[in-house]
Structure formats: structure tokens, C-alpha cells
Amino acid sequence: MDMDKSWFDGMEARIPRGEVRTRFAPSPTGYMHVGNLRTALYTYLLARHEGGRFILRIEDTDQGRLVADAVDVIYATMRRCGLDWDEGPDVGGPVGPYIQTERRALYKNYAELLVEKGLAYRCFCTEERLAELHRDDPNAKYDRRCLSLTPEEIQAKLDAGEPYVIRQRIPEGCTTFHDAVYGDITVDNAELDDQILLKSDGLPTYNFANVVDDHLMGITHVVRGAEYLPSAPKYNLLYQAFGWEIPTYVHCASVMFNDPATGTVRKMSKRHGDPSYQDLVSQGYLSQAVVNYVALLGWAPHGDIAEQEFFTMEQLIKAFEIGGISKSPSAFDMDKLNYFNATYLRELPPEEFAREAEPWIRRAVKNERYDAAAIAALLQARCEKLSDIPEKVDFFDAPPEYGADLFTNKKSKTNPEVSLEMLKQAYPVLAGLADWSQEGIHGALVELAERLGVKNATLMWPLRIAAAGKAVTPGGAVEICGILGKEETLRRMERGMAKLQ
RNA sequence: GGCCCGGUGGUCAAGCGGCUAAGACACCGCCCUUUCACGGCGGUAACACGGGUUCGAUUCCCGUCCGGGUCACCA
């Protein structure tokens, strides 16, 4: 079993030292969970805060779950969120390749190394036998049958071409694992299974690939979800087996989903239809808003900025500290995301908001005569997300059928009779108006209201109802009429008056 | 079920032995107003429970309860 170990020295020599290095290591599933996004963000922020490097690694060792173009989804998501990486599959780097399937020979070498040291062993048990074991006792761990195979028996099976996996031999005793957020966690090794390191297809399991890659890539801080906490002690055992330095682990509590429909809270999952990052974007949420909100889900700033909620990426980088990460799970709250999104939307320069809003406006307003930018101006303070838009502006193209009862509004002191009178008075004024700008319309109407001795609302309400046919509209009578144009406004007023005759 | 982790208002959360226990979202009220929003002002609402430790516990320890996570040739 003499093997050439020159590869080992070669790999070890490439490991970068002396800088903080973090990595985001998603598996390409085709979408990004909000929880994953948060992990990516924290990982990124930690590296940037420390002036270190942020690495992207693709964990595609599950051949049964390959999804086409999934890597592109990861790239696109991270770019849109402002998470730029220093090393990765596309940009390369000193410790590549950065895709696990392109590193397969490596894992095998390292697994064999452990076998040689007596810290791992080949297991020829079939999946059927393992299933049987499990059937007898659902909680059963592997019974180590293959641990007692003699060298001759092993060689014979190897020669016969029997498939096998490589398992780590878990020693007796207890293992204490240290986490930067949770502190020391100790478990009895008896709780741990002789975990599989190398699968029978020659690819590594997640746990093994993680340790090997994190080591070889010089990762100093591993940020990941708290769902990995129970298996974390196994990592120590692996690092110890290799004699490698253990990186700093930073576990983050999971993101739960607060479902307003059912009023229940549960772990966020695609399966339940909980929104992924892509879903949010397609619903008209801004990436910066999502990133800002998600940053605060499980982390809080400290010191004199403890009350700050709105952060640019630069500010997050400056403020981010491991000490601010919380230990308890937090619920993703749509209401709060809406608040963040609405705020970001409102703070956009009007032209930029108009650009974002136009496609959504045009879903409902096909008539090009109606100016999208003018409509957008009405919308900016009135929507929480872009997808709110179409239903708010549908009346421009098609005023709905409405009843005369809409003309009654107590606060505006209107009823059908008053409304008819107001429309009759306003009609000639507007018909004769030369300046059909919002200023012009506003001036003429305010003047008319004064002349008639009624409050502005008494005149404006019936006009707005006639123009839009809806009780609630973005913008008031002046703005709506301005966009509709004189001709269409007068036509709708006629229709309104007809209803009131 | 075993093991691991957690528990401040409905939600996100500050607090890290001594506070009238911040702030934000949501909710309610008032103001502004050309409907609705935006904006401004104000309000309701919390330390899961029981033992310790201490002059003093939301803060430290233990138990209970509750919640979550994890027990794959998936990551």
C-alpha cells in the first residue's frame, strides 16, 4: 500500500496564511433560501469587516440532485445583493478548483490517508444491509462490522471490485467543540456514528469535503446555519485525525417563517412555499431592502448604532461583529420586510423609481397616452412593493363600473345631489381650461371651490370618483385628471353626471 | 425517543447584577390632507415558571415547561 505522498505536500504548501478567509459554500439547488442568503451575507460581512477575503465554493457532490443552471442562479443572486467574491469557480484563485466535483481525486487521497493511519476504514456493507439495520432500530448507528475485516479479506473484496465507502472511526470519549456564538459544546462520542467520508461513487460526503476544503483553502472562519451544530463535534474529530488547525466556527440560528395567513411560525422552507430570494425579487422587492432586512434577522448592531436600522453595505461591513449574532431563531416577518422595502422605494430618486415601476405600471396601463413617469410619481409613496402597482392603476385604462353611492362621503360633505352639482359646476371650468397642467387644474378648481363657498374636498371628491370610479386611488382628483387629459376627463365626468341624474 | 441549542411585548430586538426594561415593525388614536398613502405626534403591549447565589436578579447556577434543531452513501 505504498503511496506517493508528494500530492499532500503540494496541497499543503498552497494554503494561504495570515489573513481572514471566509467562504460561502452553497450547493447548487437552483434557488437561494432567505436563510442561505443571510449566511452568505454574514460570511461576506465578516471577511470584509476584517479586511480579509471572501471565497465562493460550489458544493455539488450530490450527483442525484444536479440542477441545470443552478450555479448561475447563485452568481446572479450574489451579484445583485452586492456580495462580491475574491475567489471562486469563475474568477479562480490560489487554491482552486472551487467546484467540489473537480476536486474528487483530492478527497480520495485524504480519505486513504486516514485509512492508512487507522483512523478510517473501508466498509463494504450494502445499502440493503444498512437499511435492515435501520429497520430493526431506527436510531441504530453503524455496527462496525467492516471494522473487523482482515487485510486479506479487504484485499479480496477490492480485487473482486466490490463497491465500498470509507468511514471515519470515531474514538471513545467525549469531544468538546467551540463555537464563537454558542461557546463550548460537549458531546459523548458514543452519540456519533462512524460517519461516511467517501461515498461509493468516489465523491466525498458534505462533512468530509467541508473539512478538507476548508483546510486546503485556508478558511479561518466558518459561518453556517445552526442546523449543523449537532454534527460539529465530528469536525473536531476529523481535524484532530489529520492534525489540522481548527477554524473558528460561527453558527447562526435558523430563520423561521411567520406566516400571516395561518398565524403560525415554522422553519423557512421552499417546500412550504415560503419565499426564496428569487420569489421576493419577482414580487417586486428591492435587493438592497431584502439584504438590509435579512442582515437584522439574527444580528444586531451594538454601541452607539444599536438603534440604527437602515444600513448601506459599507455601513454593514463597518458594523458587523460576531458578538452581535443572536443565539435564538428569528422569524422572517413579511410586514417588516414590507416596511424596509417601502422605505427603500421611497428613497429612490424619482427617475429611478419610475424606471423600476414602469414595467409594473404597463401591466395594467396599456394606453401609452398616459404618462408612466407621472403615474409613477403618484405611486412612489403608496406602495410597499412593486407588485402592488397594477391593481392601483388599472382604472386609467378601464374605469370600473361603479355605483352612485361612491359619490357619498361624509368627511367631504358630499352626496349624490351635491356631487351632481359639483360636477356640473366643474365641467365648464375644466372644459374651458387652457393650461391642462396639474398646477393649472389645481388653481382652477381651488378657485371654483372658493367661489362656490365649499371646501376643496366637496368639489374634489366627486371629480375624483368620476375620473377613477374607485373610492381609493393613488393621487387625488387633480393628479388623476392631469394624467387622463382633458378629453378623457370630460368624458368621464359626463358619465358620472349621467349616473347622478 | 436520544442528543444539541434556545426562551425580553404578536414580530425583530437593546440590555451583558442595581434602568420608570431602549428602539423598530404591526396594531390603535390624533394631526396634516383633494380619497388613500406619505409625514408628524401619542398610545396599548414583554423579562415563561419554580428554586437557589447575592445587599440586590431580566442579567449567574439548577430544575420544570415551552420552542427549535439534529440523528442519511442530502447538503
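Computed over heavy atoms, backbone and side chain alike; hydrogens, waters and symmetry mates excluded. Protein chains get the first letters and strands the later ones, always in sequence-line order, with residue 1 at the start of each.
When the ring pair (Phe, Tyr, Trp, His ring centres under 6.0 Å) test is applied to A:Tyr31, the partners found at least two apart in sequence or on another chain are A:His33. For A:Glu439, the side chain to side chain donor-acceptor pair (under 3.5 Å) partners are A:Ser437, not counting sequence neighbours. Among residues two or more places apart in sequence or in another chain, the ring pair (Phe, Tyr, Trp, His ring centres under 6.0 Å) test is passed with A:Phe177 by A:Tyr249, A:His251. A:Tyr98 meets the ring pair (Phe, Tyr, Trp, His ring centres under 6.0 Å) test with no other residue; sequence neighbours excluded. Take A:Tyr402 and apply the ring pair (Phe, Tyr, Trp, His ring centres under 6.0 Å) test, not counting sequence neighbours, and it matches A:Phe407. Applying the side-chain contact (heavy atoms from CB on, under 4.5 Å) rule to A:Glu391 yields no partners; only residues at least two apart in sequence or on another chain are considered. Partners of A:Asp214 by side chain to side chain donor-acceptor pair (under 3.5 Å), not counting sequence neighbours, listed by chain and number: A:Arg23, A:Arg57.
Here the straight-line distance linking atom SG of A:Cys174 with atom CG of A:Leu192 works out to 10.5 Å at 0.5 Å rounding. Atom CD1 of A:Ile166 is separated from atom OH of A:Tyr107 by 14.5 Å, given to the nearest 0.5 angstrom. Note that SG of A:Cys125 and CG of A:Leu130 are 5.5 Å apart. Values are rounded to the nearest 0.5 Å. Rounded to the nearest 0.5 angstrom, A:Leu286 CG and A:Leu280 CG are separated by 11.5 Å.
Contact annotation for A:Ala471: base contact, defined as any heavy-atom pair under 4.0 Å involving a base atom.
Here the closest heavy-atom approach between residue A:Pro474 and residue A:Val393 is recorded as CG-CG1, 4.4 Å.
A 4.5 Å side-chain heavy-atom check between A:Leu490 and A:Met493 finds at least one atom pair inside the cut-off.
A donor N or O paired with an acceptor N or O is not found under 3.5 Å between the base of B:A26 and the side-chain atoms of A:Lys336. With hydrogens and angles ignored, no donor-acceptor pair closer than 3.5 Å exists between the side chain of A:Arg464 and the base of B:U34.
Comparing the C1' positions of B:U58 and B:C16 gives a spacing of 10 Å, expressed to the nearest Å. Comparing the C1' positions of B:C47 and B:G10 gives a spacing of 16 Å, expressed to the nearest Å. When the P atom is compared between B:C62 and B:C41, the two are found 45 Å apart, to the nearest whole Å. B:A48 and B:U11 have their P atoms separated by 12 Å, given to the nearest Å. Going from the C1' atom of B:C66 to that of B:G50 covers 15 Å, rounded to whole Å. As rounded to the nearest Å, B:G43 and B:A22 have P atoms that lie 12 Å from one another. Annotation: B:G23 and B:A14 have their C1' atoms spaced 7 Å apart (nearest Å). Of the P atoms belonging to B:C61 and B:G42, the separation is 39 Å, rounded to the nearest Å.
Put simply, CG on A:Asp388 is 13 Å from C1' on B:C36, counting in whole angstrom units. Distance A:His178 NE2 to B:C4 P: 18 Å, rounded to the nearest Å. Protein atom OH of A:Tyr344 is 19 Å distant from nucleotide atom C1' of B:C38, rounded to whole Å. Counting to the nearest Å, the P atom of B:U34 and the CE atom of A:Met460 are 7 Å from each other. The CG-C1' distance, from A:Asp333 to B:A26, rounds to 7 Å in whole Å. Here the P atom of nucleotide B:A13 and the CG atom of A:Leu296 are 8 Å apart, to the nearest Å. The CG-C1' distance, from A:Asn338 to B:U11, rounds to 13 Å in whole Å. Distance, A:Asn456 CG to B:C32 P: 14 Å, rounded to whole Å.
Residue pairs that meet the side chain to side chain donor-acceptor pair (under 3.5 Å) test with at least one member in residues 440-468 of chain A, sequence neighbours left out, are A:Arg464-A:Thr473.
Of the residues in residues 474-482 of chain A, those lying under 4.0 Å from RNA chain B by heavy-atom distance are A:Gly475, A:Gly476, A:Ala477, A:Val478, A:Glu479. Against RNA chain B, the stretch residues 399-414 of chain A makes heavy-atom approaches under 4.0 Å through A:Lys411.
Using a 4.0 Å cut-off between a side-chain N of Lys or Arg and a carboxylate O of Asp or Glu, A:Glu128 and A:Arg135 do not qualify as a salt bridge.
Using the six-membered ring where Trp is involved, A:Phe311 and A:Trp299 have ring planes that are perpendicular, over 60° apart on the 30 and 60° scheme.
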Contact pattern, 5' to 3', of nucleotides 69-75 of chain B - B, S or - by protein heavy atom under 4.0 Å: BS-SBBB
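In the set B:C36, B:G6, B:C4, the nucleotide with an atom closest to the side chain of A:Val187 is B:C4. The A:Ile185 side chain lies nearest to B:C4 when the options are B:G23, B:C4, B:U35. Nearest to the side chain of A:Lys327, among B:U35, B:G23, B:G6, sits B:G6.
Close placement of the A:Phe332 and A:Tyr293 rings is indicated, their centers lying within 6.0 Å of each other.
Base pairing of B:G1: its partner is B:C71, meeting the Watson-Crick or G-U wobble criterion (both donor-acceptor distances under 3.5 Å). The partner of B:G10, taking Watson-Crick or G-U wobble pairs whose two distances both stay under 3.5 Å, is B:C25. Pair assignment for B:G63: B:C49, on the basis of Watson-Crick or G-U wobble contacts that are both within less than 3.5 Å. Under the Watson-Crick or G-U wobble criterion, with both distances below 3.5 Å, B:G39 is paired with B:C31. Base pairing of B:A57: no nucleotide in any strand meets the Watson-Crick or G-U wobble criterion (both distances under 3.5 Å).
Positionally, the nearest nucleotide of RNA chain B for A:Phe340 lies more toward the 5' end than for the other of A:Arg382 and A:Phe340.
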Report, one pair per line, the protein and nucleotides 14-16 of chain B atoms (nitrogen or oxygen only) whose separation is under 3.5 Å.
unit_1, atom_1, unit_2, atom_2, d
B:G15, OP1, A:His302, ND1, 2.6

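Within the 4.0 Å cut-off from OP1 or OP2 of B:A13, at least one side-chain nitrogen or oxygen of A:Ser330 is found.
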